[in-house]
Amino acid sequence: QTLSSEHNSCGSRQRQTEMASASVAVGVLHPGKMGAAVARCLTAAGHRVLFASEGRSGTTLKRAIDAGCTDAQTLGSLVRECGIILSIVPPAAAVTLARTCFDAGFRGLYVDANAIAPATTSQIHTLAKSCGAQFLDGSLIGPPPTKQGTTRLYLAGSQAHATMVASLFASTHLDAKIVSTESFTDASALKMCYAAWTKGSSALLINVCALAASEGVQTALMQEWAISKPELAAQSRQAAERCAPKAWRFAGEMREIASAFAAQGLSMASADVYERLAEFKDATNVDADHVFDAARKRPTPTAGLSTPSLVPVLTAATATATAAAEPSSSKRLRVLCLHGWRTSADVLRIQCRNFPRDLLDMDFIDGCFPASGPPYDIVEQVFGSGPYYEWWNKNDAGVYEGIDETLSYIAQHAAAHGPYDGVMGFSQGACLAAMLMAKASASAGEAPVPGIRFGILVSAFKPKDADLAQLFPGDTKVSLPTFSCYGQKDFALPEAGALMASFRDIVTVTHQGGHELPNNTNGLQALEHLRLFLRSKY
């Protein structure tokens with residue numbers, strides 16, 4: 001494969017491509033700093049560029065207008081007017097945004113230019129093909145393109161689509177290069193390799209300085225660097241000051257990079273460093289010493305249950321007994337998966353990206369009620385504007401309004417799509433999963449999800465509704481084997497004991513994060529415990 005920014009050598013085909021690209025409207029989702037700069041390149045070249053202001057901030061609106069974009073107001077309007085959509089969003093929102101566009105009826109050319117792993121790119125490509133849309137892989141390397149020679153847009157996909165998109169940016173500040181016309185993931189793979197070094201090496205330098213400060217050898221390290229690596233002292237401070245304001249975004253990108261490494265049997269973990277620096281989001285005049293101090297902060301367990309009591313002892317005998325051969329896809333455990341409060345099935349699917357899919361056939365479903373209010377701020381920041389759902393709404397009296405409808409909805413879904421080996425839930429979904437397990441344990445024949453053999457509960461809590469709390473009386477234990485997991489900084493952790501006491505056969509572990517699911521960054525050990533637990537169910 002050769003790297004080229006040349007257009008198709010066939011003159012007539014090139015003219016047709018240029019004519020098509022000149023007349024097509026381009027939707028940019030969403031015009032953050034990078035997206036707005038890319039949009040400005042297009043509008044400066046005379047192209048009509050649209051964005052959707054619905055659910056976006058005033059800052060985003062101003063950026064887009066300043067870049068010369070036209071406000072389509074809603075995503076539905078943008079989809080109807082645009083032949084091309086260019087997706088430039090935080091990595092964790094890439095799949096959800098693509099699905100939302102396709103569900104809204106988009107059947108044009110979808111260009112995903114996000115910092116995502118090849119496997120994530122393939123997922124979006126599959127979504128596009130399933131609904132009749134076209135797909136082109138893209139990746140951006142460099143800063144927001146405000147002058148020539150700084151930023152590249154790499155493209156991978158069909159020759160015709162790659163050539164057309166490249167022609168949109170002819171003579172602009174953004175240099176569009178076709179990296180492959182045979183693969184639909186090579187642009188993403190290139191970005192993962194490039195960013196693994198640029199962002200990974202910066203995270204390593206920040207962490208090295210944090211370790212030196214923690215061990216009291218920072219001065220000695222600087223002295224040694226002055227002798228053997230004189231450039232590193234300045235580079236470490238530059239890394240801290242440059243990366244801290246963007247660390248909130250880099251963490252998601254590093255998780256995608258880690259996923260790309262893992263898919264090839266390799267290891268890469270720097271996301272945790274950037275997660276600790278989230279407090280510097282968009283900061284100016286960052287002090288490197290303050291960044292090093294933030295990187296040194298250890299995740300501390302929330303008061304309530306001590307971490308050691310939550311981590312089971314996995315003996316060599318246990319490991320040997322459960323180390324059977326990996327099951328074939330036809331033998332994976334089918335699990336009904338229930339998302340957290342005011343999120344969605346798509347969000348949970350992303351959150352579970354590092355779960356052992358070779359062992360699990362995971363069926364993700366949306367709650368039966370649209371969210372009655374906004375989700376947590378971090379959900380919108382990472383996953384966009386929804387749509388989001390909930391399983392019930394707790395009223396002022398503590399009653400779970402809608403729980404009867406939810407149980408009926410789940411029973412109907414289980415009857416149509418079951419049987420299931422187990423249930424899994426996160427947060428509100430974990431509370432619901434615990435209820436389903438209690439009902440199945442008490443009377444399997446009449447349970448909403450009959451026949452389940454185990455449960456996976458992440459950040460679960462006992463129902464606050466007094467009537468539902470009676471499902472967990474304490475003297476009568478839920479008999480189904482249960483894997484339970486909490487973050488060491490999880491606000492649900494203090495309530496863990498009240499729920500765990502109601503389960504007879506439960507394994508509970510922690511990961512290093514907060515109210516979130518374990519992943520390759522915060523919970524490799526927790527995920528290994530989950531794998532061992534699941535293998536014991538075959």
Side-chain angles (χ1 to χ4, degrees), residues 24-32 34-35 38-39 49-52 54-56 60 72 74-140 153-158 161-162 165 183-189 191-192 249 252-253 255-256 259-260 339 343-353 362 364 366 379-389:
V24 70
V26 181
V28 174
L29 301 173
H30 291 289
M34 177 63 83
V38 172
V49 180
L50 282 73
F51 77 107
E54 184 180 48
R56 313 311 300 175
T60 298
T74 67
L75 181 65
S77 296
L78 183 145
V79 163
R80 288 191 294 272
E81 292 192 49
C82 293
I84 299 174
I85 286 180
L86 183 57
S87 171
I88 307 174
V89 295
V95 175
T96 299
L97 177 61
R99 189 185 300 274
T100 302
C101 289
F102 300 142
D103 287 348
F106 183 69
R107 299 296 181 266
L109 176 60
Y110 192 88
V111 184
D112 189 287
N114 297 302
I116 54 177
T120 309
T121 302
S122 294
Q123 185 178 351
I124 297 172
H125 184 202
T126 299
L127 288 173
K129 288 196 300 182
S130 68
C131 70
Q134 304 300 313
F135 178 80
L136 186 66
D137 180 29
S139 66
L140 288 156
L153 170 63
Y154 289 97
L155 301 169
S158 77
H161 292 147
V165 172
S183 164
F184 284 89
T185 61
D186 280 4
S188 292
K191 174 69 173 182
M192 294 292 95
R249 179 165 50 84
E253 188 170 334
R255 282 191 288 270
E256 288 292 321
S259 176
H339 62 75
T343 60
S344 68
D346 283 342
V347 169
L348 184 61
R349 184 179 290 105
I350 295 170
Q351 292 172 320
C352 292
R353 63 192 176 280
M362 306 179 79
F364 299 90
D366 288 321
V379 172
E380 286 191 311
Q381 291 171 12
V382 174
F383 298 105
S385 57
Y388 297 125
Y389 305 90

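All residue numbers refer to positions in the sequence shown, counting from 1. These values consider heavy atoms only, across backbone and side chains, with no hydrogens, waters or symmetry-generated copies.
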* Qualifying side chain to side chain donor-acceptor pair (under 3.5 Å) pairs with a residue from residues 94-106, counting only residues at least two apart or across chains -> R99-D346

* Asked: Taking the side chain as C-beta and beyond, is there a heavy-atom pair between L97 and Y110 under 4.5 Å?
  -> yes

* **Side-chain donor or acceptor of D366 paired with backbone N/O of S344 under 3.5 Å** => no

* Asked: Less than 4.5 Å apart, any side-chain heavy atom of I85 and any of F106?
  -> yes

* Donor-acceptor pair, N114 side chain versus P91 backbone, under 3.5 Å? -> no

* Structure fact -> Sequence neighbours excluded, the answer for side chain to side chain contact (heavy atoms under 4.5 Å, CB included) partners of A113 is L86, I88, L140, L153

* Asked: What pair of heavy atoms forms the shortest contact from A345 to H339, and how long is it?
  -> N-CD2, 3.6 Å

* With sequence neighbours left out, what residues match E54 under salt bridge (Lys or Arg N to Asp or Glu O under 4.0 Å)? -> none

* To the nearest 0.5 angstrom, please state how far the CD atom of Q134 sits from the CD1 atom of I84. => 11.5 Å

* **For S188, side chain to side chain donor-acceptor pair (under 3.5 Å) partners two or more places apart** => T121, D137

* **Residue pair V95 / L127, side-chain heavy-atom distance below 4.5 Å** => yes

* **Closest approach of D112 to A94 (non-hydrogen atoms, all atoms of both residues)** => OD2-CB, 4.0 Å

* Asked: Would you say the side chain of T343 lies within less than 4.5 Å of the side chain of L348, judging by non-hydrogen atoms?
  -> no

* What pairs with A189 under side chain to side chain contact (heavy atoms under 4.5 Å, CB included), at least two apart in sequence or on another chain? -> P118

* Note, I350 side chain near V382 side chain (heavy atom, < 4.5 Å) -> no

* Residues that Y389 engages under ring-ring contact (aromatic ring centres under 6.0 Å, His included), provided they are two or more places apart -> none

* To do: Return the minimal non-hydrogen interatomic distance between S122 and T185, and the atom names on each side.
  => OG-CG2, 3.4 Å

* How would you list, by chain and number, every residue that makes a ring-ring contact (aromatic ring centres under 6.0 Å, His included) with F51, sequence neighbours excluded? -> none

* Structure fact -> Residues at least two apart in sequence or cross-chain that pass side chain to side chain donor-acceptor pair (under 3.5 Å) with H125, listed by chain then number, are none

* To do: Only counting residues at least two apart or in another chain, list the ones meeting side chain to side chain contact (heavy atoms under 4.5 Å, CB included) with S77.
  => A72, T74, R80

* Sequence neighbours left out, what passes ring-ring contact (aromatic ring centres under 6.0 Å, His included) with F364? Give chain and number order. => none

* Apply the test side chain to side chain contact (heavy atoms under 4.5 Å, CB included) to residues S87 and I124: give CA-CA distance (whole Å), side-chain angles for both, the deciding distance (0.1 Å), then the verdict. => CA-CA 11 Å; S87 171; I124 297 172; over 6 Å; no

* Structure fact -> Taking every heavy atom of C101 against every heavy atom of L75, the minimum-distance pair comes out as SG-CD1, 4.0 Å

* In chain order, what residues pass the side chain to side chain contact (heavy atoms under 4.5 Å, CB included) check against S139, with sequence neighbours excluded? -> Y154, A187, K191

* Do you know which two heavy atoms are closest between L50 and C82, and how far apart they sit? -> CB-SG, 4.0 Å

* So do Q123 and R353 actually touch side chain to side chain, heavy atoms under 4.5 Å? -> no

* To do: Quick one: closest heavy-atom pair of R107 and C131, and the distance?
  => NE-O, 2.6 Å

* **Partner set under ring-ring contact (aromatic ring centres under 6.0 Å, His included) for Y388, not counting sequence neighbours** => none

* Asked: In Å and rounded to the nearest 0.5 Å, what is the CD to CD1 distance from E253 to I116?
  -> 11.0 Å

